[in-house]
Each structure stands twice: as C-alpha cells, then as structure tokens.
Amino acid sequence: MTMPNRVIRRPDSTLIVFGGAPAQAYKLSQPDVGRVEQQYGRPLDFVGQDELESALDGLRITQLP
C-alpha cells in the first residue's frame with residue numbers, strides 16, 4: 001500500500017499525490033474528502049492509494065478536473 005507523498009488541502013478541493021512511475025494525482029471536493037476519511041477513520045495523509053481508489057469506486061466519487 002503506497003501512502004501519499006503529498007496532500008494539498010485548499011478551501012474548495014484537495015489534491016492527493018502518490019509518487020511512483022508514473023506519479024498519480026487525485027483531486028477531490030471537500031465533501032468527498034470527508035466521506036473518504038470517514039470511511040477509513042483517518043485523514044487522507046494515512047490512506048493508501050489502493051484504499052483511495054476503492055473508496056472512489058465504492059462511494060461513487062468523481063474526481064475533479
């Protein structure tokens with residue numbers, strides 16, 4: 001499970017960046033961030049990439065452009 005290299009929180013969205021080849025970035029709305037954190041009971045800083053992708057699918061969350 002790869003942990004995020006960076007979680008950038010802004011007032012209206014959050015960017016989660018996982019390093020690697022190639023790097024993966026996810027941009028979520030603040031309400032969706034809360035839903036993911038509630039599902040795992042911990043902040044996004046401690047949610048792995050596999051868990052994040054599973055939550056996006058399971059909670060039917062769409063990434064922001």
Side-chain angles (χ1 to χ4, degrees):
M1 170 171 51
T2 305
M3 297 309 241
N5 293 75
R6 193 147 190 196
V7 176
I8 303 165
R9 296 175 190 270
R10 306 185 90 191
D12 58 340
S13 63
T14 295
L15 183 66
I16 307 106
V17 181
F18 293 92
Q24 294 281 23
Y26 303 85
K27 186 176 179 184
L28 306 177
S29 68
Q30 290 305 80
D32 289 336
V33 167
R35 292 172 62 202
V36 172
E37 290 179 334
Q38 183 177 5
Q39 178 168 334
Y40 290 109
R42 58 187 184 270
L44 278 178
D45 304 81
F46 303 102
V47 173
Q49 187 172 4
D50 293 339
E51 292 174 317
L52 178 61
E53 289 179 358
S54 176
L56 294 177
D57 289 339
L59 297 171
R60 297 181 186 186
I61 295 173
T62 303
Q63 292 186 61
L64 299 174

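In this text the structure is predicted, and so the values were computed from the model without any measurement.
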Any chance you could lay out the side chain to side chain contact (heavy atoms under 4.5 Å, CB included) test for L44 and L52, step after step, and finish with the verdict?
CA-CA 8 Å; L44 278 178; L52 178 61; 4.3 Å; yes
Please assess V33 against R9 for the test side chain to side chain contact (heavy atoms under 4.5 Å, CB included), listing each intermediate value before the final yes or no.
CA-CA 10 Å; V33 167; R9 296 175 190 270; 3.8 Å; yes
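Rounding to the nearest 0.5 angstrom, the gap separating the CG atom in D45 from the CD1 atom in I16 is 9.5 Å. Here CZ of R35 is found 8.0 Å from OG of S29. Values are rounded to the nearest 0.5 Å. Distance check, rounded to the nearest 0.5 Å: CZ of R10 to NZ of K27 gives 7.0 Å. To the nearest 0.5 Å, the span separating CZ on F18 from CZ on R6 amounts to 14.0 Å. Taken to the nearest 0.5 Å, the CG atom of L64 stands 7.0 Å off from the CG atom of L28. Here the OH atom belonging to Y26 is positioned 11.5 Å from the CG atom belonging to L15, to the nearest 0.5 angstrom.
Contact of the V47 side chain with the P4 side chain is not registered, since no non-hydrogen atoms from C-beta on lie closer than 4.5 Å.
Distance alone, capped at 3.5 Å, is enough to place a donor-acceptor pair between the Y40 side chain and the E51 backbone. With hydrogens and angles disregarded, no donor-acceptor distance shorter than 3.5 Å links the side chain of E37 to the backbone of P43. A donor-acceptor pair is defined here as one N or O able to donate and one able to accept, closer than 3.5 Å; no such pair exists between the side chain of D32 and the backbone of I61.
If you chain together hydrophobic residues whose side chains sit under 4.5 Å apart, V7 and L59 fall into the same group.
In this structure, Q39 places its CD atom where more than 12 heavy-atom neighbours from other residues, nucleotides or ligands lie under 6.0 Å away.
Residues Q30 and P11 come closest through the heavy atom pair CG-O, 3.4 Å.
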